[in-house]
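To start, the structure itself, in structure tokens.
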Amino acid sequence: MPEVYNWQLGRRMAYRFEEAHPGRQFVAIFNINRCIGCQTCTGACKATWTFSKGQEAMWWNNVESKPYGGYPQHWDIKILDLLERAHQEAGVESSWEPAEGDGEQAPYGVYKGLTITEAAPQGEEALGYLPPDGEWRAPNFYEDTSTGYKTNPMGYSRAGASLPEHEAWFFYLQRICNHCTYPACLAACPRKAIYKRPEDGVVLIDQARCRGYRKCVEQCPYKKPMYRGTTRTSEKCVACYPRLEGADPLTGGVPMEPRCMAVCPGKIRLSGLVKIDAEGQWEEDPQNPLYAIIREEKVALPLYPQFGTEPNVYYIPPRWVPRPYLRQMFGPGADLAIERYVAPSRRLLALMQLFRTTQKVISRYEIEEGPLVLETEVDGKPWQMYDDTVIGFDAEGKEVVRLSVVEPLHERPAERLNSI
Amino acid sequence: MPYDEFDPQDPMELVGMVVPGEPGTLEAMAETFVEEYLRLGWSDRRLLAFFQNPHFLATHRIYREKGEDYVRDLIQRTRARWAPGSKGGA
């Protein structure tokens, strides 16, 4: 099996194909700290892509409440368990060596365990399992889904649903396809029906080639390809590629964020494109907000990097959750990410304002320095807040958004509560 | 059994799981949410409603567990820390 370089693991790893990389890669950041689980993203995706017959149980975007929620049920527990067993059989310990880190090449250190491609059973491209149909039945099974209740004649409950209650530390995990650099679904497909687009790194299933063997469903560790019985093919999140291509008339030809990102009321999402060099590494681009937040500020982390697919959706981990859980889910960068997010740098504080402020992809930003407005202490250390202004530019270099750190609050007057 | 009768023994039923917590994490979660939304420019009234509304499971859980006075005090403390000049009204 050829070897490819995975910067999230800090080392080379086994993969079915030789290295081949797009010129730009679709990347997203989700800030878990702000997510209130309203499922607006889920609804927007559903209404855009999966409203047809055969797609009833299909949620390309879902928000699951951790630690127990999952779609399909227990997907991460199951793959983590399989991977752990593979380590035991191979006599290898699954561990990270942060001390062996090397700047851009290995920012989180070196992963010493097995990836899902390295732990693949004989004849398979990756370690995986095929969830039975029942496990796709409902997102957040055992979690936010309501218990049964009596409805009134109109079909709803006046008292509201009875919801399960958590003692404390659950959080919402937003999930779409990770459009991985080394997709396990792509490697798994016996028909070579899955491809990664050279222009933006979006991973798609060619519906004309797919015959529904479901190897992608089995071997994607994130369980994001889904089988559709009515067409006998598998489908997955397409990163709203027509919007990313600038095909939506609303943006005048410049790239636009996917629907799930653009509708988020909590302003938790930011997405766009990063430049990839010939070796497959991110080109240094500190004026790209995604590059600055992920590669320089290091507050956004990949989901289960140990799987080895180099996912391209990054998460700002929740501050209140026990660290061992976060380290398992986001790798050894979790502690530093939280430390930096709790007391953000002057630049990071300004960059956080850019989340979901425009439907257009922000390709570049600039910061205009403003006055010192607050001096306080965070975790016993002095911290200053400056009212800087962050300016976002689209792919054509046109200014699309301008925000200050201390934004004015405009309240609609009572007599005009509804603008329609 | 009628279809709408709830059966907690049925593995395909919609039932909830309670997650055990650690001391202090509920408070940390409450502080995070108030801080995040206050810095997005939310008013005190809107922040409180976010906790009062039972459809926001995370924040309403805190409201029920700790009480309205705790939430009001938390909003004031967080505003004093992050936006000392702001009124938080409307």
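Lettering follows sequence order; numbering is per chain, from 1.
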Output for pair (A:Tyr341 OH, B:Thr32 OG1), nearest 0.5 Å, gives 8.5 Å

Quick one: do A:Trp320 and B:Leu26 satisfy side chain to side chain contact (heavy atoms under 4.5 Å, CB included)? Show the steps, please. CA-CA 8 Å; A:Trp320 60 86; B:Leu26 190 73; over 6 Å; no

Are more than 12 heavy atoms from other residues, nucleotides or ligands located less than 6.0 Å from atom CG of B:Asn53?
-> yes

ask   = Parallel, tilted or perpendicular for B:Trp82 and A:Trp383, by the 30°/60° rule?
value = perpendicular

Looking only at heavy atoms, the pair that brings B:Arg81 and A:Val378 closest together is NH2-CA, 3.8 Å

request  = Take B:Glu36 and A:Ile268, measure what side chain to side chain contact (heavy atoms under 4.5 Å, CB included) needs, and give me the verdict at the end.
outcome  = CA-CA 10 Å; B:Glu36 293 286 345; A:Ile268 80 149; over 6 Å; no

Check this for me, if you would: do B:Glu35 and A:Arg319 make a salt bridge, where the nitrogen-to-carboxylate-oxygen distance has to be below 4.0 angstrom? yes

Using a 4.5 Å cut-off on heavy atoms from C-beta on, say whether the side chain of B:Met29 contacts that of A:Phe170. yes

Under the side chain to side chain contact (heavy atoms under 4.5 Å, CB included) rule, what do A:Leu349 and B:Arg39 come out as? Steps first, then yes or no, please. CA-CA 10 Å; A:Leu349 194 63; B:Arg39 281 159 62 178; 2.9 Å; yes

Self-check item: Worked check of side chain to side chain contact (heavy atoms under 4.5 Å, CB included) between A:Ile36 and B:Phe33
Solution: CA-CA 9 Å; A:Ile36 52 175; B:Phe33 279 120; 4.0 Å; yes

Turns out that what part of A:Val406 lies under 4.5 Å from chain B's heavy atoms comes down to neither

